[in-house]
Amino acid sequence: QVQLVESGGGLVQAGESLNLSCVAYGDSDCISSVNWYRQTPGAEREVVGRIFSQGQTMYAPNVEGRFTISRGVRRFPVYLQMTNLQPEDTAVYYCGECADWGQGTQVTVSA
């Protein structure tokens, strides 16, 4: 079983950037995409973006052009580069694959 660990969250001002990382410990049998999600209190977890096995990426419309998911030649680590952050981006950010999730990292954007 794989353990996913996110890091890189923090408090920034609107317009600034943050880079999140997702590291995997253990063996993963998952062959589907690695996904970044975010969640705010009382809301559903929403997909921020995905990176597929061949390296293709897709993003939610509200982050397209501002967020970039990347990785090296291996499946992990996976990165989420976030630019021009806005207060509405404030959330706990998670990475996940198949049925496995990390513990999340808090991103807070002040106006």
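For this chain, numbers begin at 1 and follow the sequence in order.
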At what distance, to the nearest 0.5 angstrom, does [atom1] of [X] lie from [atom2] of [Y]?
X	Y	atom1	atom2	value
C95	Y37	SG	OH	10.0 Å
F52	T57	CZ	OG1	8.5 Å
Y93	M82	OH	CE	5.0 Å

Query raised in the report: Quick one: does R66's side chain have a donor or acceptor within less than 3.5 Å of a partner on N84's backbone?
Result: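 Flag set: sc R66 to bb N84 pair under 3.5 Å.
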**Report entry** Under 3.5 Å donor-acceptor, Y79 side chain and T68 backbone
**Finding:**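 Pair absent, no side-chain N/O of Y79 close to backbone of T68.
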Query - The single option from E44, E6, E46 passing salt bridge (charged side-chain N to carboxylate O under 4.0 Å, His left out) against R38 - result: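 The single option meeting the salt bridge (charged side-chain N to carboxylate O under 4.0 Å, His left out) with R38 is E46.
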Query raised in the report: Any chance CD of Q103 has more than 12 other-residue heavy atoms, nucleotides or ligands included, within less than 6.0 Å?
Result: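 Yes, enclosed.
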Query raised in the report: For E88, does the CD atom sit with more than 12 other heavy atoms under 6.0 Å from it, leaving out its own atoms?
Result: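 It does: E88 CD has more than 12 such atoms within range.
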Query raised in the report: What is the minimum heavy-atom distance between R71 and R74, and which atoms define it?
Result: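 Nearest pair, atom of R71 first, then R74: CD-O, 3.2 Å.
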Query - Audit row: W101, L4, side-chain contact (heavy atoms from CB on, under 4.5 Å) steps and yes/no - result: CA-CA 6 Å; W101 302 88; L4 304 179; 5.7 Å; no
Query raised in the report: Does the side chain of S53 reach to within under 4.5 Å of the side chain of S33, using non-hydrogen atoms?
Result: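 The answer is no; the side chains never approach within 4.5 Å.
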Query - R45 charged N/C atom sitting above Y94 aromatic ring, 6.0 Å / 45° - result: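 Ring-cation test returns yes.
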Requested in this report: Identify the residue among I31, V78, D29, V2 that makes a side-chain contact (heavy atoms from CB on, under 4.5 Å) with E97.
Outcome: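 Testing each of I31, V78, D29, V2 against E97, the sole residue satisfying side-chain contact (heavy atoms from CB on, under 4.5 Å) is V2.
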Are [Y] and [X] co-members of a hydrophobic cluster defined by side-chain heavy atoms under 4.5 Å apart?
X	Y	answer
V48	Y59	yes
V92	L80	no
W36	L85	yes

Side-chain polar contacts of residues 12-27 - donor-acceptor pairs under 3.5 angstrom, sequence neighbours left out - could you list them?
residue	atom	partner	partner atom	Å
E16	OE1	Q13	N	2.9

Requested in this report: Kindly determine whether I51 and Q56 satisfy side-chain contact (heavy atoms from CB on, under 4.5 Å), including the steps that lead there.
Outcome: CA-CA 6 Å; I51 184 163; Q56 313 97 311; over 6 Å; no
Taking atom types as modelled, is there a side-chain donor on [X] or [Y] under 3.5 Å from an acceptor on the other?
X	Y	value
N62	E64	no
Q106	T108	yes
R50	N35	yes

Requested in this report: Would you sort out whether Q1 and D100 count as a side-chain contact (heavy atoms from CB on, under 4.5 Å), showing the intermediate values?
Outcome: CA-CA 8 Å; Q1 185 169 352; D100 295 309; 3.7 Å; yes
Query raised in the report: When you look at R75 and S28, which way does the side-chain contact (heavy atoms from CB on, under 4.5 Å) test go after all the steps?
Result: CA-CA 9 Å; R75 184 173 176 84; S28 171; 4.2 Å; yes
